[in-house]
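Structure first, then comments.
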Protein chains: 2
Amino acid sequence: MQTLPAATEDTPTRTDICSAAPRRHPRPDGQDRYTISEVAAFTGLTAHTLRWYERIGLMSHIDRSHTGQRRYTNRDLDWLDLVGKLRLTGMPVADMVRYAELVREGDHTFDERRELLETTRQDVLARIAELRDTLAVLDRKIDFYSSERTR
Amino acid sequence: MQTLPAATEDTPTRTDICSAAPRRHPRPDGQDRYTISEVAAFTGLTAHTLRWYERIGLMSHIDRSHTGQRRYTNRDLDWLDLVGKLRLTGMPVADMVRYAELVREGDHTFDERRELLETTRQDVLARIAELRDTLAVLDRKIDFYSSERTR
DNA sequence: CGCTTGCTTCGAGTGCACTCCAAGGTCATA
DNA sequence: TATGACCTTGGAGTGCACTCGAAGCAAGCG
């Protein structure tokens, strides 16, 4: 933990997307191989969307069963978790694909990844500020309507 | 006149969308009649979008010059301001149109308008919470990438 | 007067992020 | 072993929020 946390339990890849997050592996059940519908149920995405994510390069290669069906791992779930978070910052899918590519390219893209995340961070801060602003307007109007009613 | 105020000009109409906001009339210049391109410049929307807003019922009737060209008032700018705020909360345009309809229907829709705004308010609060959450994830990852680089 | 710029309308086109379909193969259970 | 739920693919379709185009009218200027 102190010096160099292995990126994943079972495969210590430095490039792993989620190394910085606290491990929360034990998923729905204890397994590490989920069907597409299990993942759909767990993430709230549809199976269609999961396949589409893969097609556009937002998910790197997903394991397959001997008959070719997708078998998602806990690592994939972690990644989908991050994608979900980034998605609700309003980050375009194309940018997330870019990030995914950087991850696939290996450790030498660390700097670029950090920059990308820092840009996103600024966007999120800005968006929060905007929303606060909007909240103030909303509150003013709600007050107005409330006080009008009791006049 | 008293009982049913005409809903135009600078008169304090109860139904006015922006009664609850502090007046900040003096716009770009001191006037109260702007062309569509002036409004476009001021709001950042395109003329196309402004016309489209009108078509779908998001703007109630806009004044016209004697030759049929649109002449926007400060009141219209106020409304566009609100629309802009609501838009960036992620509120669908259809809901904003609904709100616009309520405004057009008159004072007896005050309650419904307040409810709509309160629902929106909750949405905004929820979204801010989500964004904070995302920010935490982002910060963790940025830290990770920074510390990796300086190892 | 001609020229440029800006306005009008309506309908069609765009880009994004899914979302669904058809045709067929696979898996669990009665 | 048969039934029905679930999986595969590529490609087409959907909904939203614009965005643009075409044809034509109008205003200001040298």
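Since this is a predicted model, take the numbers as computed values, not measurements. Convention: sequence-line order gives letters A, B, ...; per-chain numbering from 1.
Side-chain nitrogen and oxygen atoms of A/Y53 include none within less than 4.0 Å of the OP1 or OP2 phosphate oxygen of C/dA17. Here B/R70 does not reach the OP1 or OP2 of C/dG6: none of its side-chain N or O atoms lies under 4.0 Å away. Side-chain N/O atoms of A/R71 include none lying less than 4.0 angstrom from OP1 or OP2 on D/dT8.
A search for side chain to side chain contact (heavy atoms under 4.5 Å, CB included) contacts involving B/T46 returns B/H48, B/T49, not counting sequence neighbours. Partners of A/D133 by salt bridge (charged side-chain N to carboxylate O under 4.0 Å, His left out), not counting sequence neighbours, listed by chain and number: B/K85. Applying the side chain to side chain contact (heavy atoms under 4.5 Å, CB included) test to A/R64 and every residue at least two apart in sequence or in another chain returns A/E54, A/R70. Residues passing the side chain to side chain contact (heavy atoms under 4.5 Å, CB included) test with B/T109, sequence neighbours excluded: B/L102, B/E105, B/R113.
Among the nucleotides C/dC27, D/dC18, D/dT9, the one closest to any side-chain atom of B/V93 is D/dC18. For B/W52, counting side-chain heavy atoms from C-beta on, the closest listed nucleotide (C/dT19, D/dT19, C/dT9) is D/dT19. Taking every side-chain heavy atom of A/T67 into account, C/dT26 is the closest of C/dT26, D/dC18, C/dC18.
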Could you write out each protein N or O paired with an N or O of nucleotides 11-15 of chain D at a distance under 3.5 Å?
{"from": "D/dG11", "atom 1": "N7", "to": "A/R55", "atom 2": "NH1", "distance (Å)": "3.4"}
{"from": "D/dG11", "atom 1": "O6", "to": "A/R55", "atom 2": "NH2", "distance (Å)": "3.4"}

Please produce a list of atom pairs where a protein N or O lies less than 3.5 Å from an N or O of nucleotides 3-6 of chain D.
none

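The NE2-C1' distance, from A/H48 to C/dA22, rounds to 12 Å in whole Å. Whole-Å rounding puts the B/I56 CD1 to C/dG11 P distance at 16 Å. Across the protein-nucleic acid pair, B/R64 atom CZ and C/dT8 atom P stand 6 Å apart, rounded to whole Å. Note: CD (A/E54) to C1' (D/dC7) measures 13 Å, nearest angstrom. Distance, A/L88 CG to C/dC18 P: 11 Å, rounded to whole Å.
If A/T49 and A/S65 are placed on DNA chain C by their nearest nucleotide, the residue sitting closer to the 5' end is A/T49.
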Legend entry - Worked verdict on A/T119 versus A/M91 for side chain to side chain contact (heavy atoms under 4.5 Å, CB included): CA-CA 10 Å; A/T119 305; A/M91 183 190 261; over 6 Å; no
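Side-chain contact annotation: A/D111 with B/Y145, donor-acceptor N/O pair under 3.5 Å absent. B/D123 and B/T120 are not linked by any side-chain donor-acceptor pair at a separation below 3.5 angstrom, with hydrogens and angles left out of the test.
Here the options are B/I36, B/T35, B/T43, the test is side chain to side chain contact (heavy atoms under 4.5 Å, CB included), and the partner is B/V39; only B/T43 passes.
The residues B/E101 and B/R98 are annotated as salt-bridged, a charged nitrogen and a carboxylate oxygen being separated by less than 4.0 angstrom.
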